[in-house]
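Accompanying notes for the structure given below.
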Amino acid sequence: DSTLRMAAYIKDGKLVPGSSVSSAIISGTVGDLSASNIVIDSRDDDFAGIVVDGNSNYTVNGATITLNGHGQDDFAGTSAGLSVRGDATLTINNANIDTTGSIRTGIWAGENAKLIVKNSKIVGHDGDDLDFKYSMMNEVPWVLGLKGNLRSTGLLGGAQATYLNSWVEAENWGALSTDSNSKGATLTAINTDVVISGESGYGSYADQQVQNFYY
């Protein structure tokens with residue numbers, strides 16, 4: 001989608017300059033195979049940090065990502081701080097991601113991707129309103145009996161995600177979330193704190209063929 005904007009787009013092991021807004025990276029380095037000590041501070045809707053796609057094997061070592069503003073579609077992983085899709089593998093170490101806004105996901109994995117998150121902190125805050133143009137589900141379904149308009153992390157498709165020695169927090173709705181997983185996604189949390197800081201929400205969720213493991 002040509003309307004999507006991101007600080008860095010990695011496809012098949014290559015940084016794609018034409019699809020990356022490099023000026024959004026305040027400091028740090030971003031290359032074809034890895035990023036180090038990056039700082040991203042976005043104060044606009046629908047802007048993502050780093051997107052890893054295709055057959056990439058990518059590592060993020062040290063990241064401070066702050067996103068303020070509404071997302072677009074957390075089923076597709078758009079507007080997330082860090083996301084991985086396709087057949088890619090993304091390893092994240094020592095990241096600090098803080099998002100504020102409806103459906104403004106911190107970390108997202110989908111399709112057949114593999115995600116490993118280590119020694120990181122992901123915190124999500126609800127948006128103040130739902131007054132934006134996208135029609136995707138932008139708050140928790142009423143049938144769950146919960147509040148909130150943000151899921152801090154997302155896992156879809158047949159992706160595999162592991163959170164190790166980390167902290168995942170959502171104000172409401174959901175912290176470690178899965179959705180529409182008819183392809184058998186796997187979510188593993190090891191020595192990881194999972195927190196709801198507001199009035200109501202779930203620490204983790206499993207639907208359809210997804211498998212969750214907690215250690």
Validation row: Ile122, Val117 side chains within 4.5 angstrom (heavy atoms) = yes

Point-to-point distance, once rounded to the nearest 0.5 Å, from CG of Asn61 to OG of Ser36 = 5.5 Å

What distance do Leu90 atom CG and Ser34 atom OG have between them, rounded to the nearest 0.5 Å?
-> 11.5 Å

So do the side chains of Thr99 and Leu150 get within less than 4.5 Å of each other, counting heavy atoms only?
-> yes

Look only at the side chain of Ser56 and the backbone of Gly54, and say whether a donor-acceptor pair between them is shorter than 3.5 Å.
-> no

Using the rule that two of Ile, Leu, Val, Met, Phe, Trp, Tyr join whenever any of their side-chain heavy atoms come within less than 4.5 Å, decide whether Val195 and Leu176 are in one cluster.
-> no

Point-to-point distance, once rounded to the nearest 0.5 Å, from OH of Tyr163 to CD1 of Ile116 | 11.5 Å

Worked verdict on Val52 versus Tyr9 for side-chain contact (heavy atoms from CB on, under 4.5 Å) | CA-CA 6 Å; Val52 181; Tyr9 181 57; over 6 Å; no

Does any donor atom in the side chain of Asp129 or His70 lie under 3.5 Å from an acceptor atom in the other side chain?
-> yes

Closest contact, heavy atoms only, Gly31 versus Leu15 = O-CB, 4.2 Å

Below 4.5 Å, heavy atoms only, C-beta onward: do Ile25 and Val30 meet side chain to side chain?
-> yes

In terms of side-chain heavy atoms, does Asn172 have a donor or acceptor partner in Asp126 at a distance below 3.5 Å?
-> yes

For Asp32 and Gly13, which heavy atoms make the closest approach, and how far apart are they?
-> CB-O, 3.3 Å

Does Asp128 have any salt bridge (charged side-chain N to carboxylate O under 4.0 Å, His left out) partners at least two apart in sequence or in another chain, and if so, which?
-> none

Are the side chain of Ser79 and the backbone of Gly71 linked by a donor-acceptor contact shorter than 3.5 Å?
-> no

Under 3.5 Å side-chain donor-acceptor pair for Tyr214 and Thr188 | no

Check: Thr78 and Asp46 side chains under 4.5 Å, non-hydrogen atoms | no

ILVMFWY cluster, Leu187 and Phe213 together (side-chain gap under 4.5 Å) = no

Quick one: do Val51 and Trp108 satisfy side-chain contact (heavy atoms from CB on, under 4.5 Å)? Show the steps, please.
-> CA-CA 9 Å; Val51 178; Trp108 184 94; over 6 Å; no

How far does CG of Leu67 sit from CD1 of Ile40, to the nearest 0.5 angstrom?
-> 7.5 Å

Quick one: NZ on Lys183 to CG on Asn112, what's the gap to the nearest 0.5 Å?
-> 6.5 Å

Minimum heavy-atom separation for Thr105 to Ile107, with atom names?
-> CG2-O, 3.3 Å

Distance-only side-chain donor-acceptor flag, Asn93 / Asn119, under 3.5 Å = yes

Quick one: do Met137 and Val140 end up in the same hydrophobic cluster if we chain Ile, Leu, Val, Met, Phe, Trp and Tyr together by side-chain heavy atoms under 4.5 Å apart?
-> yes

Could you check if a side-chain atom of Ile65 sits within less than 4.5 angstrom of a side-chain atom of Leu82, using non-hydrogen atoms only?
-> yes

Does a side chain donor of either Thr178 or Asp207 reach within less than 3.5 Å of an acceptor in the other side chain?
-> yes

What closest approach, in Å, do Pro141 and Trp173 show between heavy atoms, and which atom pair accounts for it?
-> CD-CZ2, 4.0 Å

Salt bridge (charged side-chain N to carboxylate O under 4.0 Å, His left out) with Lys147: which residues, sequence neighbours excluded?
-> Glu199

Check for a donor-acceptor pair, side chain of Ser152 on one end and backbone N or O of Ala175 on the other, with a separation under 3.5 Å.
-> no

Show your working on side-chain contact (heavy atoms from CB on, under 4.5 Å) between Phe47 and Val21 and close with a plain yes or no.
-> CA-CA 10 Å; Phe47 191 85; Val21 184; 4.0 Å; yes

Identify, with sequence neighbours excluded, every residue that meets side-chain hydrogen bond (donor to acceptor under 3.5 Å, both in side chains) alongside Asp44.
-> Arg5

For the student: nearest non-hydrogen atoms of Tyr202 and Leu144, plus distance | CE2-CD1, 4.4 Å

State the CG-OG1 distance between Leu155 and Thr186, to the nearest 0.5 angstrom.
-> 8.0 Å

Going through the checks in order, is the side-chain contact (heavy atoms from CB on, under 4.5 Å) test met by Val123 and Ile97?
-> CA-CA 6 Å; Val123 178; Ile97 302 174; over 6 Å; no

Do the non-hydrogen side-chain atoms of Thr192 and Val168 ever get within less than 4.5 Å of each other?
-> yes

Taking all non-hydrogen atoms of both residues, which atom of Ser83 and which atom of Ala80 are closest, and how far apart?
-> CB-CB, 4.3 Å

Sidechain-backbone polar pair: Glu139 side chain, Asn149 backbone, donor-acceptor under 3.5 Å = no

Cation-pi check, Arg151 to Phe75: give yes when NZ or CZ is under 6.0 Å from the six-membered ring centre and within 45° of the ring axis, no otherwise.
-> yes

Do the non-hydrogen side-chain atoms of Lys118 and Ile92 ever get within less than 4.5 Å of each other?
-> no

Distance-only donor-acceptor check, side chains Asp98 and His125, under 3.5 Å | yes

Between Tyr215 and Asn191, a side-chain donor and acceptor under 3.5 Å = no

